[in-house]
Chemist: 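Quick one: structure below, then a few questions.
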Amino acid sequence: MFLEARGIIKAFGSFRAVDGADLDVTEGEIVGLIGPNGAGKSTFFNCLAGDTQPTAGTIRFLDRDVTNATPEDHARFGLARTFQVPVTFEDMSVADNVMVGAFLRHRARAAARRVAEEVLDFTGLSALADTPARSLGTPGRKRLEIARALATEPRLLLLDEALAGLTPAEIRLAIELVRRIKARGITIVIVEHIMEVILSLAERAVVFHQGKVIAQGAPRAVVDDPAVVSAYLGHHMKRVRV
Amino acid sequence: MSLLSVRNLSVRYGDLVGVSDVSLEVPEGGVVALLGSNGAGKTTTLNAIAGLVPTAGGSVTWQGADITGRPAFAVVGLGLALSPEGWRLFVQQTVEQNLRLGATVLADRKRLPVLLDRVFTLFPRLAERRRQRAGTLSGGERQMLAMGRALMSDPKLLMLDEPSLGLAPAVVETMYETLGRLRGEGLTLLLAEQAVELALEVADYAYVLQTGRTVLDGTAAKLADDEDVRRIYLGLETE
Amino acid sequence: MILLQVIVSGLLMGSVYALFSSGLTLIWGMMNVVNFAHGDFVMLAMYVAFFAFTLLKVGPLLFVPLAAALLFMLGVVVYLGLVRHVVRGPPLAQILGTFGLALVLRYAAFWAFTANFVSLPDNLVGGTFDIGGLRIEASRLLGGVLALVITIGMHLILTRTALGSRLLAVSEDRSAAMLMGIRPDRMQAIAWGFGAASTGIAGALIALFFYISPTVGESLALVAFVVVCLGGFGSVPGALIAGLAIGVIEALSGYLIGAVYKDVLVYSLFLIVLWVRPRGLMGTS
Amino acid sequence: MKHWPIALAGFVAIAAWPLLVHDVFLQRVGALVLLAAISASAWNLIGGYAGQVSVGHSIYFGIGAYAALTLYTELGWPPIAGAPIGMVVSMLIAVVIGTPTFRLRGHYFSMATIAAAELARILASNWPLVGAAVGLMGPPRPRSVADLSFISPVPYHYLFLAALVALLGLTWAMQRSRMGYYLAAIRGGDRAASSLGVPVLRYKLYALLLSAAFTSLAGSLYAVMVGFIDPESALGILISVKMVIVAALGGAGTLFGPLVGAIILVPLEETTNALYGGSGTGITFIIYGAIIVFVARFQPGGIAEIWRKLTERRPTRVS
């Protein structure tokens, strides 16, 4: 199995943000994690990224137990991530931000530089290479985060709401980028609030509700699932006339 | 005349669009629901009305006066209270301290015990736990406290952000019963809610937000039968 | 018996430590700002006491409140003029800002009052008590007991009054506090005022039995930092316990292994605690 | 390195300084500027580039200074022989201090470094081998050239210049290497850096090792030039504070920032000291303090920030 999470529980005090969630990802697919506010998908995502360690459960990536591995180990194993609120290195130029990622697999500056240039080109950031990251707008930052993660040459890319807050035109560009990343053979797990994105992008949607996975499958089938409709629309499902 | 009137409101977070064009009217004594899926801009709209986030355009009018851009600590004194998303309780302090903090802007301090009594009558559970730290409360109790705290400023308009979020169905029922009682007492309500059906049961009028705009509005009865609501919520057939 | 004597004097000194640390912990806990000029606030308060006595001929009954009032104003001014702005900047700016302030205060005192050590007369407050064989200087007793009372009072203000509740509300959740109608900037200015005023009282009390010099704040500030780190940031009861503990440890080690090594012991202890518990003995994560 | 002509002109001016001015006071100021630039540039490696604000670097400065003069008093070696030993000891101490304290965040880290330095100062004040509170003297008169004991400041000027050039050259190379990028990433944020595979703790330690070694060298050079140290002048908290101030004024985390800061502050300090004599140190530090309060309040990025704003092409807002 490419990525396999089993029985993940993440408790904060007595509150279980994630309450026994499982997830399997096969190589080459795009998986969308969705669910209403407070469903636990972001916490689950952070467990996958190694940013926080689950209270119980195991995560295996490429047959390696990564449950308690550090974020830097995750990067080394080929599991890269972006952040919900972009954390770019403000003082550095766009190209230098990407270089930090590229140095993971290339010790020499020239080699790292080549990787960075290729990634900048791929993500359409070449023209901004020498601009300081601090002068980028948020859509640019989100793109830069993706570029930086790609420069680590990952097998799996975890995107945390990479499209939230973008305008429809920017969303279309971002969706196009994600598709091209997949075409490079990189597997993608994306957490997203905006249902439209998941519908047009993901091959499989995994729906969270109250810390559990309540449905998964093809996105269009999932949104017709009564359990999902109920989770999104409220508790009085029986009486919703649609 | 509306108690609260929001026209073409827009809010930007840096260059992210929070909401881009929201207009709504809240008549005195009415219950208005703000519907929409995650990330549609409901919370941003309420926060902008309450003065927590700066507006980038549009106007907020309260009882005929323009209050756009007033800081939150000034807005609450005018009679608009917000029970924010995620409750935002002062978890290190007791239930009673939280409630008393809610009464900070109360001009007539003699009203404080009266208001405290009202909250404890509405929510007997809070009376039982008045000396307990807010951090030790259950989810339902936290929601009660957040609502009670907002009521302590004796507002004309109470804004509630997702009162049903993360609560067990039974607790949600009680919550909504309480909203009905408050309405009976003449309180004006503006609630943002993901649980459509519930919200439409208690509201007279509703606005539906999608990607930061009001895209649909109508009486609750009309919207409850509207096919578009489902489409907007589940994102079907948007192309 | 001697040991008991040492412990008692350690406790008395410790309660003064607790008092001047509680001002630091209040500010630190509320805003995550370290006031590196804290020791120099103590120093200024000591000079206030000294000059109030020598120039105005007033005793502790007046100069302690005077120091509190003056330092309160200083705290408010420093918050509004400097701290409010540097907290928005990079961490280096915070350190520089209050360190720079420390230098200005310390060397302004140096320049104005010279480096000479001065002190209040020993007999300003009574002589020495003899309680069941324990000899206690009245000035230390007064200082210690008063400090204890004020520290506890400060804790009560924070936990039992509307003002304290509002101060804590701002530190817990600034936005939510604003929704209550609280003005965060005003509360934080008051917190700085309170923090500085308690430091002022502590300084005036220490002046009763301690030498006064422009650089006296340096070592006292380090003690305060240790107390705050041990007690947990923002915790007045923590500062009280840690302050008493440091007072006793200092006194005991001074007595048992020699005065010069008491600081060595205190700092080592501090480093060990930070190492084992990066957020202090009583700190919460 | 767009501005290399300016850098070159600056270097030539600094190199020529003692030949241009004949006044010994001015020559001495020149040497002291370079010395301050060395220690501030060394601090800059950890405090500026890696963003870990140490306020206890006096400990490394002191180790270097004491190593130099202790070797002389105990074994009769030329003081400069203590420099490499001081550097090694400093690096060992850096490991001992850095390993636990790098887990601390923000102010906790700064506090811990202060406490460690203060501990060292008290220990030195009570250790007879290093002269306790009295301090140590260097050779009263030069026994050979190896003692590096000169009356004129000029030889020191070039000695310090060589050390500074070596340090800045190393910093420049570091800045361009993987380590430079990693440190900049760490300063930008631990969390994002480690998500890209940066071993955060290890690189902080590397930076501290380099920083400690060169701070120690600065201490040794100081001891060699001045020929007298005591706990206050080699291990006092003001030594640490000055490093921070000099670097921050010029621009922490920039190659030439510390040098620029030294060029501004040291002449100021020496002039006020000269004008107001012994008790004038008060004035010096009042001015010092006022400057850094001002910098923190209005220009937290230091002079480098102003420079950057002047030279950078106005960034067009891009998406």
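Below, chain A is the first sequence line, B the second, and so on; all start at residue 1. Fair warning: this is a prediction, and the values are worked out from it, not measured in the lab.
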Chemist: Heavy-atom distance under 4.5 Å to chain C: side chain of Val75(B), backbone, both or neither?
Modeler: neither
Chemist: Name all residues meeting the ring pair (Phe, Tyr, Trp, His ring centres under 6.0 Å) criterion together with Tyr17(C); count only those two or more places apart in sequence or in a different chain, and write none if there are none.
Modeler: Phe20(C)
Chemist: Would you tabulate the side-chain donor-acceptor contacts of residues 90-99 of chain C under 3.5 Å, counting partners in other chains and residues two or more places apart, or write 'none'?
Modeler:
residue: Gln94(C); atom: OE1; partner: His107(D); partner atom: NE2; Å: 3.1
residue: Thr98(C); atom: OG1; partner: Val34(C); partner atom: O; Å: 3.3
residue: Thr98(C); atom: OG1; partner: Phe36(C); partner atom: N; Å: 3.3
residue: Thr98(C); atom: OG1; partner: Gln94(C); partner atom: O; Å: 3.3

Chemist: Between chain C and chain B, which N/O donor-acceptor pairs sit under 3.5 Å?
Modeler:
residue: Thr159(C); atom: O; partner: Gln97(B); partner atom: NE2; Å: 2.8
residue: Ser165(C); atom: O; partner: Gln93(B); partner atom: NE2; Å: 3.0
residue: Ser165(C); atom: OG; partner: Gln93(B); partner atom: OE1; Å: 2.7
residue: Glu172(C); atom: OE1; partner: Val91(B); partner atom: N; Å: 2.7
residue: Glu172(C); atom: OE1; partner: Gln92(B); partner atom: N; Å: 3.2
residue: Glu172(C); atom: OE2; partner: Gln92(B); partner atom: N; Å: 3.2
residue: Asp173(C); atom: OD1; partner: Arg88(B); partner atom: NH2; Å: 3.1
residue: Asp173(C); atom: OD2; partner: Arg88(B); partner atom: NE; Å: 2.6
residue: Met178(C); atom: O; partner: Phe73(B); partner atom: N; Å: 3.4

Chemist: Please name all residues satisfying side chain to side chain contact (heavy atoms under 4.5 Å, CB included) with Ala103(B), sequence neighbours left out, ordered by chain then number.
Modeler: Leu106(B), Leu112(B), Met152(B)
Chemist: Can you tell if the side chain of Phe90(B) reaches within under 4.5 Å of the side chain of Met180(C), non-hydrogen atoms only?
Modeler: yes
Chemist: Non-hydrogen atoms of chain C under 4.5 Å away: do they reach the side chain of Leu101(B), the backbone, both or neither?
Modeler: both
Chemist: List the steps and the verdict of side-chain contact (heavy atoms from CB on, under 4.5 Å) for Leu179(C) and Val76(B).
Modeler: CA-CA 6 Å; Leu179(C) 283 178; Val76(B) 59; over 6 Å; no
Chemist: What part of Leu80(B) gets within 4.5 angstrom of chain C, counting heavy atoms only: side chain, backbone, both, or neither?
Modeler: neither
